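Just the heavy atoms: all of them, side chains too, but no hydrogens, waters or symmetry mates, feed the values below. All values reported here derive from a predicted model rather than from experimental measurement. Remember, it's 1-based here, ligands and their atoms both numbered in the order they're listed.
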Amino acid sequence: MKVDGDFVMSINGEAVTTEHTQPVYNPATRSVFARVPDASREQLDQTVGAARVAFKTWSATSAEERQAALESYADLIAAHAEDLVALLTREQGKPRAGSEWEVFGSVDWLRAVASQRLPDEVIEDTDDRRVVTRFTPVGVVGAIVPWNFPILLAIWKIAPALMSGCTVILKPSPYTPLCDLKLAELAQQAFPPGVVNALSGGDDLGIWMTTHPDINKIAFTGSTETGRHVMKSASETIKRITLELGGNDPAIVLPDVDAKALAPQLFWAAFQNNAQFCNATKRLYIHEDVYDEVRDALVDFIAQEVVVGDGAEADTHLGPIQNSMQYGKVQAYFADCHVNGYTFAVGGDIDETAAGWFVPVSLVDNPPEDSRIVREEPFGPILPLLRWSDEADVIARANDTIYGLGASVWGKDQAALQRIGSQLEAGTVWLNEVHQYSPFQAFGGHKQSGLGCENSLHGLMEYTNWQTITMNKSAA
Ligand code: NAD
């Protein structure tokens, strides 16, 4: 299979194109380098029909058969890893190290999820009665993914959906469809026709999927705003939904830290994937005793260690903003900081004449708590640093948001880490580390950061219906 061209949709095991196509840009150059099909509503209907037919036989396979198929899929991705890494960097903009982490992480994820099982739960088994709860696959799953981690977040849905016995229709973001179309094309070698399908298209395709009467579940990752639309659309047919949405993660730095030693970790907590990361630290609360030291250590680290550029270049640490829409949003946050007279400790000025959608790494020095840069999710490399002095007050400030995805606390006093961490309203709280994920660890958002979870047996369960079967043994 050619990875760097011939981009097609996968419908019922067939490679499908369309007359009308959509452009795909390299964000490091702002130039179109590929085109992808633009699915019609009729093609969606056809795909849903094929996925429904395939569900009948796929859902009847044993867990061991499904495990073997998932493992062969992992082998195929591993065999094409080098090409996928290059393609991911080209369409998403992220540097090679980030692309490698995503591609090889996806291979590991597939293998781990393949080993997971949801055994029947025997609730009662006496001479008179037997009561068993089992987990049956929900049916056809629509998997809708964003543009920041197109491969990994697709696999987070494909793996548990297939393992639980469901069939899948993958819809990539229109900004990053290429790797996802190739993932689906590869899947045709590992699964029967109709089990894994992929359609490319615009946001309309997402709306058609979320309202389609024959799709049973939507597994969605994207913004909170779109998540609200998905929830509303899904209500028409009471679809199952998993929503992984936006975040505004706080990080709290205690007064006992070694500023210089901690600076690299705090930097990557906020700027990994060029801060286009749901779980990026988006508010950095630093105790007043070490505020100046930590700020200055971050500024030094950025000046000495961080290279922003084309992800395809070997020495690049951070790539461009992924697309023009997001670039415009990030520009607006910079403009808002300038209009309101906030001080930048570093960065602050975007060179709009640059070849790609590049934005300098920027730190905003203690802006007001009610500023847009603190309240909202910029999803770009601009981070507010905020002073704190009172523990109860900083916890209240950290929790004062509609979001509740992740949070972290940093310091030497382990009792304080535990005490503060346990009061934070977030799906994942990291203490002296950040961005540690696992296929065996539940991941999801509190409040408006999401509904349900991904990963672990809890995540697998989200692709199933509970069915309780009771039998009265003494009757008849
Ligand atoms: P987005 O919401 O704009 O788009 C996500 C997907 O939804 C895309 O495939 C898009 O085409 C589709 N879509 C758009 N409108 C739709 C509609 N009305 N109905 C159905 N589908 C529709 O998000 P994005 O800009 O691609 O991604 C960035 C956002 O995703 C950020 O808010 C980020 O925090 C969030 N995110 C969350 C997680 C998580 O796990 N919680 C992970 C990554 C990103």
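Residue Glu377 has at least one heavy-atom neighbour below 4.0 Å for each of these atoms of ligand 1: 31 (C), 32 (O), 33 (C), 34 (O). Residue contact check: Leu405 has heavy atoms under 4.0 Å from atoms 41 (N) of ligand 1. The distance from ligand 1 to the heavy atoms of Leu153 drops below 4.0 Å at these ligand atoms: 42 (C), 43 (C). In summary, the atoms of ligand 1 found under 4.0 Å from a heavy atom of Pro172, numbered by their order in the structure, are 9 (O). For ligand 1, the atoms lying closer than 4.0 Å to a non-hydrogen atom of Thr226 are 1 (P), 2 (O), 3 (O), 13 (N), 14 (C), 15 (N), 16 (C), 17 (C), 22 (C). Counting atoms of ligand 1 from 1 in the listed order, those under 4.0 Å from a heavy atom of Phe443 are 40 (O). Near Phe379, with a cut-off below 4.0 Å to any heavy atom, the atoms of ligand 1 are 28 (C), 31 (C), 33 (C), 34 (O). Residue-ligand proximity, Val145 to ligand 1, at heavy-atom distances under 4.0 Å covers atoms 6 (C), 8 (C), 9 (O).
In summary, the side chains of Lys447 and Ser449 do not present any donor paired with an acceptor at a separation below 3.5 Å, with no hydrogens or angles considered. A side-chain N or O of Ser99 and one of Thr89 form a donor-acceptor pair less than 3.5 Å apart. There is no side-chain donor-acceptor pair under 3.5 Å between Thr464 and Trp466. The closest side-chain donor-acceptor pair between Asn279 and Tyr437 falls under 3.5 angstrom. There is a side-chain donor-acceptor pair under 3.5 Å between Glu376 and Tyr333. A donor-acceptor pair shorter than 3.5 Å cannot be found between the side chains of Thr210 and Lys232. Side chain to side chain, Arg30 and Asn323 fail the donor-acceptor criterion of an N or O pair below 3.5 Å.
Arg111 has no carboxylate O lying under 4.0 Å from a charged side-chain N of Glu71, or vice versa, which leaves the two without a salt bridge. Under a 4.0 Å N-O distance rule, the pair Asp365/Arg295 qualifies as a salt bridge.
Closest to atom 18 (N) of ligand 1, if we only count protein heavy atoms, is Ile207 CG1, 3.3 Å. For atom 24 (P) of ligand 1, the nearest non-hydrogen atom of the protein is Trp147 NE1, 3.4 Å. Nearest to atom 41 (N) of ligand 1 among the protein's heavy atoms is Leu245 O, 2.7 Å. The closest protein non-hydrogen atom to atom 5 (C) of ligand 1 is Thr221 O, 3.7 Å. Atom 10 (C) of ligand 1 has as its closest protein heavy atom Asp203 OD1, 3.4 Å. Protein heavy atom closest to atom 27 (O) of ligand 1, with residue, atom name and distance, is Pro146 CB, 3.3 Å. For atom 44 (C) of ligand 1, the closest non-hydrogen atom on the protein side is Asn148 ND2, 3.3 Å.
Heavy-atom minimum distance, Thr17 versus Gln43: O-NE2, 3.8 Å.
In this structure, Lys217 satisfies the cation-pi test against Tyr463, with its NZ or CZ atom closer than 6.0 Å to the six-membered ring centre and inside 45 degrees of the ring normal.
The proximity of Ile144 to ligand 1, defined as any non-hydrogen pair under 4.0 Å, is limited to the side chain. Contacts of Phe220 with ligand 1, taken as heavy-atom pairs under 4.0 Å, involve the side chain alone.
Looking at ligand 1, you'll find an N or O of Ser223 within less than 3.5 Å of one of its N or O atoms. Checked by distance only, ligand 1 and Gly222 come closer than 3.5 Å through their nitrogen or oxygen atoms. Every N/O-N/O distance between His229 and ligand 1 stays at or above 3.5 Å.
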Note to self: Show, in sequence, the C-alpha distance, side-chain angles and deciding distance for Leu266 and Thr281, and conclude whether the side-chain contact (heavy atoms from CB on, under 4.5 Å) test is met.
What the structure shows: CA-CA 8 Å; Leu266 293 178; Thr281 294; over 6 Å; no
Next item on the list: Take Phe277 and His435 through the ring-ring contact (aromatic ring centres under 6.0 Å, His included) test and state the conclusion after the steps.
Entry: CA-CA 10 Å; Phe277 190 177; His435 305 158; 4.4 Å; yes
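Gly445 does not count as a contact of ligand 1, since none of its heavy atoms falls under 4.0 Å from the ligand.
Residue Gly206 holds the heavy atom nearest to atom 20 (C) of ligand 1 of all those in Cys278, Pro177, Gly206.
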